[in-house]
Colleague: 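Following this message is one structure expressed as structure tokens.
In what follows, chains carry the letters A, B, and so on, assigned in the order in which the sequence lines appear, proteins first and then strands, with residues in each chain numbered from 1. Values below: every heavy atom of this structure, side chains too, minus hydrogens, waters and symmetry copies. Being a predicted model, the structure only gives us computed values, none of them experimental.
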Amino acid sequence: MRYWLMKTEPADFSIDTLARRKLEPWTGVRNYQARNFMRDGMRAGDGVFIYHSGGTDPGIAGIARVAGDAYPDPTQFQKRSKYFDPKSAPDAPRWWMVDVAFKRRFERMLPLAQLRLQPALEGMPLLARGSRLSVQPVASAFWKFILKLEQRA
DNA sequence: GCCAACGTTGGC
DNA sequence: GCCAACGTTGGC
């Protein structure tokens, strides 16, 4: 069982949206590193922190789980989609994705600023300078520590 | 709104 | 293969 963190802009899609829909096809990831994590690293049941980015108070908003193995992102073939990729061919899809299932919402979001204060989280990719990766692994020690932090909050 | 950091593209 | 230009991300 591995752990991950996936970013989303809450104005477009938030933990509450996920709570309502229960299951969400995580379409639109167009970064090779992020794709590789989804395609090659994720397995059904893996834990996922849902991270809200871009707003006035970025942070971890809740928990989801990987619902199944990766499959080709259909939006890459849809001409009208903003995620359309003319260079991708159906017999050799470039972009892969997973379905993400809602688990729970944090009672209080864990702000990025608070995560930055934790010496125990040093080395988390999320906290690295200039980190933009929208899908990233979370070491199990970090996962556990963040859950404890949340209990305390 | 600003801007640093980063990834991708494309000319050479 | 190099690298400048460009577009995007995302914190502040």
Colleague: In whole angstrom, give the distance that lies between atom CD of A:Q33 and atom C1' of B:dG7.
Modeller: 10 Å
Colleague: In whole angstrom, give the distance that lies between atom CG of A:L115 and atom P of C:dG10.
Modeller: 15 Å
Colleague: Checking ring pair (Phe, Tyr, Trp, His ring centres under 6.0 Å) for the pair A:W96/A:Y32: CA distance, chi angles, key distance, verdict?
Modeller: CA-CA 10 Å; A:W96 294 66; A:Y32 289 104; over 10 Å; no
Colleague: Once you round it to whole Å, what is the distance between C1' of B:dT9 and NZ of A:K87?
Modeller: 7 Å
Colleague: Classify the nucleic acid contact of A:R116 as base, sugar-phosphate or nothing, counting any heavy atom under 4.0 Å across all strands shown.
Modeller: sugar-phosphate
Colleague: Report the distance from atom CG of A:D12 to atom P of C:dT9, rounded to the nearest whole Å.
Modeller: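 For the pair A:D12 CG and C:dT9 P, the rounded distance is 10 Å.
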Colleague: Any carboxylate oxygen within less than 4.0 angstrom of a Lys/Arg side-chain nitrogen, looking at A:R35 and A:D73?
Modeller: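 So A:R35 does not pair with A:D73 through a salt bridge.
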Colleague: In this structure, how many angstroms lie between the C1' atom of C:dC12 and the CZ atom of A:R132, rounded?
Modeller: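 Result: 16 Å.
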Colleague: For A:R94 and for A:S131, locate the closest nucleotide of DNA chain B by heavy-atom distance; then report the residue assigned to the nucleotide nearer the 5' terminus.
Modeller: A:S131
Colleague: Under 4.0 Å between a side-chain N/O of A:Y32 and OP1 or OP2 of B:dC6, yes or no?
Modeller: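 Looking at the OP1 and OP2 atoms of B:dC6, neither is under 4.0 Å from any side-chain N or O of A:Y32.
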Colleague: Could you tell me whether A:E122 atom CD has more than 12 heavy atoms of other residues or ligands within 6.0 Å of it?
Modeller: no
Colleague: Could you tell me how far apart A:K7 (NZ) and C:dT8 (P) are, to the nearest whole angstrom?
Modeller: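 It is 17 Å, rounded to the nearest whole Å.
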Colleague: Specify the separation, in whole Å, of atom CG of A:D85 and atom C1' of C:dT8.
Modeller: 16 Å
Colleague: Strictly distance-based, threshold 3.5 Å: is any side-chain N or O of A:Q76 a donor or acceptor partner for the main-chain N or O of A:R94?
Modeller: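 At least one qualifying donor-acceptor pair exists.
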Colleague: Starting at atom CG of A:L112, determine the distance to atom C1' of C:dT9, rounded to an integer number of angstrom.
Modeller: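 Going from CG in A:L112 over to C1' in C:dT9 covers 14 Å.
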